[in-house]
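Take a look at the structure set out below.
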Protein chains: 2
Amino acid sequence: MVLTVTVAEKIRTQFELFTPAERQLANTLIANYPMAGLGTIMELANSAKVSTPTVMRTVKKLGFKGFPLFQNALHEELKQTLSAPIDKHDHWANDVPAEHILNQFATSITSNLRQSLKQLDHKTFDEVVTLLTEKQRSVHIVGGRITHAFADYLQTHLQVIRKDIHMLPASSGLWPHHLLNVQEGDVLVIFDVRRYEADLLELAKLANERNVKIVLFTDQWLSPITSYTTHYFSCRIEAPSGWDSGVVTLFLIESLIAAMEEILWPETSSRLKELEDIFDFTGRFKR
Amino acid sequence: MVLTVTVAEKIRTQFELFTPAERQLANTLIANYPMAGLGTIMELANSAKVSTPTVMRTVKKLGFKGFPLFQNALHEELKQTLSAPIDKHDHWANDVPAEHILNQFATSITSNLRQSLKQLDHKTFDEVVTLLTEKQRSVHIVGGRITHAFADYLQTHLQVIRKDIHMLPASSGLWPHHLLNVQEGDVLVIFDVRRYEADLLELAKLANERNVKIVLFTDQWLSPITSYTTHYFSCRIEAPSGWDSGVVTLFLIESLIAAMEEILWPETSSRLKELEDIFDFTGRFKR
DNA sequence: TAATGTTTGTAAAGATTGTTACAGAGCTTG
DNA sequence: CAAGCTCTGTAACAATCTTTACAAACATTA
């Protein structure tokens with residue numbers, strides 16, 4: 001008896017047809033698969049915070065006549081999984097060959113993350129958080145050709161958290177002009193990964209001369225800008241492709257934002273509320 | 001609660017104290033461990049060709065108060081067996097307390113990644129790669145307020161790999177105008193995570209009516225746009241903060257790019273070379 | 001805002017499972 | 001070889017689980 005379609009696959013393909021409560025169930029089931037489905041229907045319902053009839057309905061939608069039959073299917077899968085060689089367990093994406101780009105990428109990225117974090121000095125992290133939360137300092141953000149998107153992302157989030165967040169224009173020709181608005185003591189966040197951009201280096205040099213605090217996001221080979229700054233993050237960017245990976249960089253950005261939010265929560269919460277009100281008014285968002 | 005002694009070990013150490021029928025049971029249990037113990041007490045009794053009371057007595061001899069408790073023990077063991085070795089990392093960043101935001105974030109993100117990959121249908125992934133590499137299709141990219149940065153990132157990379165990559169303007173007022181340039185059979189990549197934006201939904205609807213292929217990046221709760229598309233990626237975005245995390249989304253984008261590059265390498269390599277030449281000429285980059 | 005349809009949980013009925021009492025089969029030993 | 005013991009299964013009981021019916025909550029549409 002060979003099962004061509006796993007329960008997990010069934011869930012995936014039918015996910016859209018599910019109602020909200022059913023999706024919640026499906027998510028917890030997938031999140032803890034297949035363990036979550038091995039107990040009683042009540043245990044499953046409780047862990048997904050739904051009622052037993054919801055489980056019942058979901059199971060029927062998946063094509064099983066009743067919960068016990070659903071459970072049997074899981075048992076069958078488990079039997080096959082357990083009898084398979086151990087190295088198959090190490091897959092990230094199930095039902096996908098280990099050589100698939102997804103699995104390769106997942107392995108690379110976690111390795112990058114682990115190494116970057118090992119190398120990261122948490123004092124630097126905490127100090128940068130402090131720098132960015134001090135309200136008397138304006139924050140200016142600039143990125144390069146590739147890293148422009150990260151600058152954008154950081155700006156979008158910081159703008160909600162606090163005021164005086166500025167993004168430098170994409171065109172480097174306008175930077176000198178913008179530099180006039182940068183005060184001594186302000187913070188300039190620079191993204192620069194290989195290949196390092198000459199314009200950014202020039203910008204950093206000028207900013208440094210004006211006693212601007214520079215926070216640099218770079219890669220493990222370190223942009224030359226490091227010589228102008230005391231605070232930099234080196235993010236591992238290796239990926240199994242011709243391209244570099246920005247996952248670790250994004251991770252650090254989000255961690256920074258989270259840490260800042262914790263500190264500035266009183267201010268953030270009111271800003272967020274205002275923002276929501278505005279969006280509600282404009283009707284741009286659903287629900 | 002750490003189980004230092006597995007059920008299997010208990011059985012082995014007590015094997016001599018068992019009666020013939022009990023030994024028969026123990027043997028089938030060990031022979032097919034732990035699967036045999038996951039069904040009902042009757043199923044176990046049948047497969048061992050003994051009676052249910054015999055199972056009962058054996059289970060009690062092993063120190064369990066009842067059959068369900070015995071089964072729970074097996075479940076616990078299974079959970080530990082099945083949980084990937086990645087879980088074992090208590091600390092990501094060294095010399096940093098586990099409660100530090102960095103460690104919390106790292107744990108969340110890997111969990112998100114694992115869960116998203118579990119749920120991801122690799123056929124979808126491969127099909128999207130195919131869609132995006134077919135040269136006769138133009139590719140249009142659009143993001144929302146937060147996800148705009150991802151749209152930007154995707155565009156920056158795709159533009160190197162192939163031609164006919166277009167990014168929709170940030171202002172949704174211009175979208176209908178831009179839609180005129182979108183041909184039947186083109187691909188529209190949409191980023192939409194909660195809170196889902198009404199303008200994007202409207203855009204998706206219009207695009208769908210024009211027979212445009214829509215590829216959607218959304219979160220685990222699925223944007224309503226899913227109803228207009230056959231290809232979507234649901235990325236887990238939970239983070240230990242008031243914000244959502246885009247790390248998994250970025251991961252998928254990069255994986256897609258890597259997969260596309262592999263296919264289009266001949267074309268990409270020449271484009272890359274041209275690009276380098278241009279940059280060398282402009283002198284914007286440092287070696 | 002009312003009407004309609006969908007979604008969801010409560011609670012009770014029904015089915016199944018787990019447990020126990022007990023009796024007979026099989027051994028052992030005087 | 002029979003008394004006494006252990007071992008084992010049948011069958012009834014008790015507990016638990018699964019399923020269904022129904023009504024409240026919710027969203028949707030006119």
Side-chain angles (χ1 to χ4, degrees), chain A residues 7 11 14-29 34-75 280 283 285-287, chain B residues 7 11 14-29 34-75 194-196 198 201-202 205 221-228:
Chain A
V7 174
I11 293 176
Q14 298 200 41
F15 197 87
E16 302 155 64
L17 303 176
F18 288 163
T19 65
E22 289 168 350
R23 288 182 186 183
Q24 196 174 317
L25 171 66
N27 275 325
T28 56
L29 197 49
M35 290 308 305
L38 296 182
T40 68
I41 194 172
M42 288 175 177
E43 286 169 349
L44 177 54
N46 284 342
S47 72
K49 306 259 172 68
V50 298
S51 64
T52 45
T54 297
V55 178
M56 197 69 230
R57 284 185 284 261
T58 310
V59 161
K60 285 196 173 163
K61 270 195 185 175
L62 290 173
F64 298 99
K65 187 124 186 285
F67 187 78
L69 289 172
F70 162 79
Q71 214 165 37
N72 282 348
L74 287 182
H75 284 168
D280 279 348
F285 289 92
K286 281 211 74 153
R287 214 159 304 186
Chain B
V7 174
I11 292 176
Q14 298 197 42
F15 196 84
E16 300 152 55
L17 303 175
F18 288 162
T19 66
E22 288 168 351
R23 292 186 182 183
Q24 195 177 318
L25 170 65
N27 277 328
T28 56
L29 198 47
M35 290 306 306
L38 296 182
T40 68
I41 193 172
M42 288 175 181
E43 286 169 350
L44 177 54
N46 285 342
S47 73
K49 306 265 173 61
V50 298
S51 65
T52 46
T54 298
V55 178
M56 198 69 232
R57 284 185 285 262
T58 310
V59 162
K60 285 195 171 164
K61 270 195 185 176
L62 290 172
F64 298 100
K65 187 124 187 284
F67 187 76
L69 291 172
F70 162 78
Q71 216 165 37
N72 282 348
L74 287 182
H75 283 169
R194 66 166 184 197
R195 309 167 38 178
Y196 310 118
L201 182 61
E202 186 63 20
K205 194 180 159 204
W221 298 285
L222 302 189
S223 149
I225 294 176
T226 40
S227 49
Y228 296 126

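Sequence lines set the chain letters: A, B, ... in the order given, protein chains first and strands last, and positions in each chain run from 1.
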Next on the checklist: Can you measure B:Phe64 atom CZ to C:dG18 atom P for me and round it to whole angstrom units?
Outcome noted: 15 Å

Next on the checklist: When you measure from the side chain of A:Lys61 to the backbone of A:Leu17, do you find a donor-acceptor pair of N or O atoms at a distance under 3.5 Å?
Outcome noted: yes

Checklist entry - Which nucleotide, D:dT10, C:dG9, D:dC7, lies nearest any side-chain atom of B:Pro20? => result D:dC7

Checklist entry - Does A:Lys65 place a side-chain N or O at less than 4.0 Å from the phosphate oxygens OP1/OP2 of D:dT18? => result no

Checklist entry - Can you list the steps and then say if B:Phe67 with B:Thr40 is a side chain to side chain contact (heavy atoms under 4.5 Å, CB included)? => result CA-CA 9 Å; B:Phe67 187 76; B:Thr40 68; 5.7 Å; no

Checklist entry - Whole Å only: how far is the CD atom of A:Glu43 from the P atom of D:dT16? => result 13 Å

Checklist entry - Quick one: A:Ile41 CD1 to C:dA15 P, roughly how many Å, whole number? => result 16 Å

Item to check | Nucleotide C:dT19, atom P - distance to CZ of B:Phe70 in whole Å | outcome: 12 Å

Next on the checklist: Starting the side chain at C-beta, find the nucleotide from C:dG9, D:dT8, D:dT19 nearest to A:Thr52.
Outcome noted: D:dT19

Next on the checklist: From NZ of B:Lys49 over to P of D:dG9, roughly how many Å is that when rounded to an integer?
Outcome noted: 12 Å

Checklist entry - Where the side chain of B:Gln24 meets the backbone of B:Ala48, is there a donor-acceptor pair that is under 3.5 Å apart? => result yes

Item to check | Shortest side-chain distance from A:Val50, nucleotide among D:dA11, C:dT8, C:dG9 | outcome: C:dG9

Checklist entry - Quick one: side chain to side chain contact (heavy atoms under 4.5 Å, CB included) partners of B:Lys60, sequence neighbours excluded? => result B:Met56

Item to check | Candidates D:dG9, D:dT19, C:dG9 - which lies nearest the side chain of A:Phe67 | outcome: D:dT19

Checklist entry - D:dT8 C1' sits how many Å from B:Arg23 CZ, rounded? => result 15 Å

Checklist outcome for this item: Closest to the side chain of B:Met56, out of C:dT7, D:dT18, C:dT20, is C:dT20

Item to check | Selected nucleotide, minimal atom distance to A:Thr19 side chain, candidates D:dT18, C:dT7, D:dT8 | outcome: C:dT7

Checklist entry - Of all the nucleotides listed (C:dG18, C:dG9, D:dT18), which has the minimum atom distance to the side chain of A:Ala21? => result C:dG9

Next on the checklist: Quick check against the 3.5 Å criterion: does A:Gln71 have a side-chain atom that pairs as donor or acceptor with the backbone of A:Gly39?
Outcome noted: yes

Checklist entry - Considering the terminal five base pairs at each end of the helix from C:dT1-D:dA30 to C:dG30-D:dC1, what angle separates the two local helix axes, rounded to 10°? => result 20°

Next on the checklist: Distance check needed: C:dT17 P versus B:Leu69 CG, whole Å only.
Outcome noted: 18 Å

Item to check | Rounded distance (Å) that lies between atom P of C:dA12 and atom CE of A:Met42 | outcome: 14 Å

Next on the checklist: Are B:Thr226 and A:Phe15 packed together at the side-chain level, in the sense that at least one heavy-atom pair is separated by less than 4.5 angstrom?
Outcome noted: no

Checklist outcome for this item: Between A:Leu44 and the options A:Leu29, A:Val50, A:Thr52, A:Thr54, the side chain to side chain contact (heavy atoms under 4.5 Å, CB included) test singles out A:Leu29

Next on the checklist: From C-beta outward on A:Pro68, which listed nucleotide comes closest to its side chain: D:dC7, C:dG18, D:dT18?
Outcome noted: D:dT18

Next on the checklist: Could you report the tightest heavy-atom contact between A:Ser47 and A:Thr28, atom names first, then the distance?
Outcome noted: O-CG2, 4.1 Å

Next on the checklist: Can you tell me if A:Thr54 touches the phosphate of C:dG9, counting only side-chain N or O atoms and a distance under 4.0 Å to OP1 or OP2?
Outcome noted: yes

Checklist outcome for this item: Which of C:dG9, D:dG9, D:dT20 is nearest the side chain of B:Arg57? It is D:dG9

